[in-house]
Amino acid sequence: MRHSVLRASAATALIAVLVLPGTAQAADPAIASPGRAAAVTAELDLNVALLAGTAAVPVRISLNKVESPASRDGSVLTAKVDGVDQGRPVTLVRAEVGKSTTKADATGSAAKVELLDADVRAPGLLGAALLELEALSAEVTCPVDGPPTAKVNSPARITVLGKPVTLGLNGPTHVEVPGVGMVDVQFSRRSTTSGTAAASALEVTVDVNPLKLNVAKVTGKITVASVSCEKPVPAPSPSAAGTPTRANRAVPAVVSESPEGGRALAATGSSGTGTVLAASGTLLAVGAVALRMTRRRRGHARKH
């Protein structure tokens with residue numbers, strides 16, 4: 001009877017001890033975000049005013065516009081501009097090679113545009129092209145373990161409205177052709193932050209008066225070889241995830257039958273000496289209480 005009382009008291013005390021020092025299990029690290037990248041060979045944002053009407057016709061089109069992870073090849077961009085050239089498609093960009101490539105994975109993101117022997121035209125503009133250029137490229141990289149970069153390679157040759165020009169590095173190059181209009185060309189816009197990069201090889205502001213194909217005026221902007229990327233977000237390392245303080249490490253105690261028929265503290269996933277010492281201390285305390293209770297019962301029995 002006395003042994004049964006002792007075992008029951010020990011089991012009750014152990015079940016009550018629900019918080020013991022131990023090692024908390026770290027949470028599974030979050031999956032890294034692969035980042036993003038985008039590239040477009042040429043993008044036109046123009047307003048075309050028609051001789052036959054007062055309203056402007058918007059032209060919002062892109063050549064080889066892609067987002068990560070993808071790539072696209074294309075050397076000719078045609079568009080149907082309402083009211084221009086009797087409704088026939090108008091060729092706005094033509095190139096020997098036009099390629100946009102993007103990549104995004106756990107190591108980083110990147111984007112690149114390559115353009116070879118290209119000419120860009122405005123709706124209604126006959127004769128000389130708005131832009132003619134040789135090899136041109138823009139590239140950005142956003143590696144997970146390094147700073148983002150942006151790079152632009154200048155075209156070996158460029159003409160604006162049929163006039164050879166030398167692009168300035170500190171500001172736009174202004175070209176004016178009497179009877180045709182004005183064009184401002186900004187070369188190599190680049191920007192980087194700690195997590196992003198962007199670049200455009202050419203940004204062209206257009207204000208021309210073709211007076212052809214029922215077109216009175218073309219204004220707007222053309223961007224050639226535009227790329228951008230966003231750095232991946234790595235998974236947090238175990239050390240950065242944070243370790244709970246000792247006071248917050250809760251490990252439930254589980255009582256199981258031992259081979260000898262008694263009860264013992266079962267494994268709970270914690271490791272270290274803290275759990276063993278806490279359990280041993282509890283057993284000693286329970287044993288002392290039980291021993292005192294037994295002695296009191298014996299003394300009471302002798303008196304009676």
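Computed from a predicted model, the values in this text were never measured in an experiment.
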side-chain hydrogen bond (donor to acceptor under 3.5 Å, both in side chains) assessment of Thr196 paired with Thr193: CA-CA 5 Å; Thr196 64; Thr193 68; 2.6 Å; yes

Do the charged groups of [X] and [Y] touch, with an N to O distance under 4.0 Å?
| X | Y | result |
| --- | --- | --- |
| Lys221 | Glu203 | yes |
| Glu134 | Arg157 | yes |
| Lys217 | Asp207 | yes |

When you compare the side chain of [Y] with that of [X], does any pair of heavy atoms fall below 4.5 Å?
| X | Y | value |
| --- | --- | --- |
| Val218 | Asn47 | no |
| Leu115 | Val97 | no |
| Leu167 | Leu202 | yes |
| Val81 | Leu46 | no |
| Thr173 | Thr166 | no |
| Pro172 | Phe187 | no |

Give a yes or no on whether the backbone of [Y] and the side-chain of [X] come within a donor-acceptor separation of less than 3.5 Å.
| X | Y | answer |
| --- | --- | --- |
| Ser109 | Gly35 | no |
| Arg190 | Ala198 | no |
| Thr102 | Ala70 | yes |
| Ser71 | Thr101 | no |
| Asp184 | Val204 | no |

Hydrophobic cluster identity match, [X] and [Y], side-chain contacts under 4.5 Å:
| X | Y | result |
| --- | --- | --- |
| Leu131 | Val48 | yes |
| Val59 | Val40 | no |
| Leu161 | Val185 | yes |

Looking only at heavy atoms, which two atoms of Glu132 and Asp119 are closest? And how far apart? CG-CB, 3.8 Å

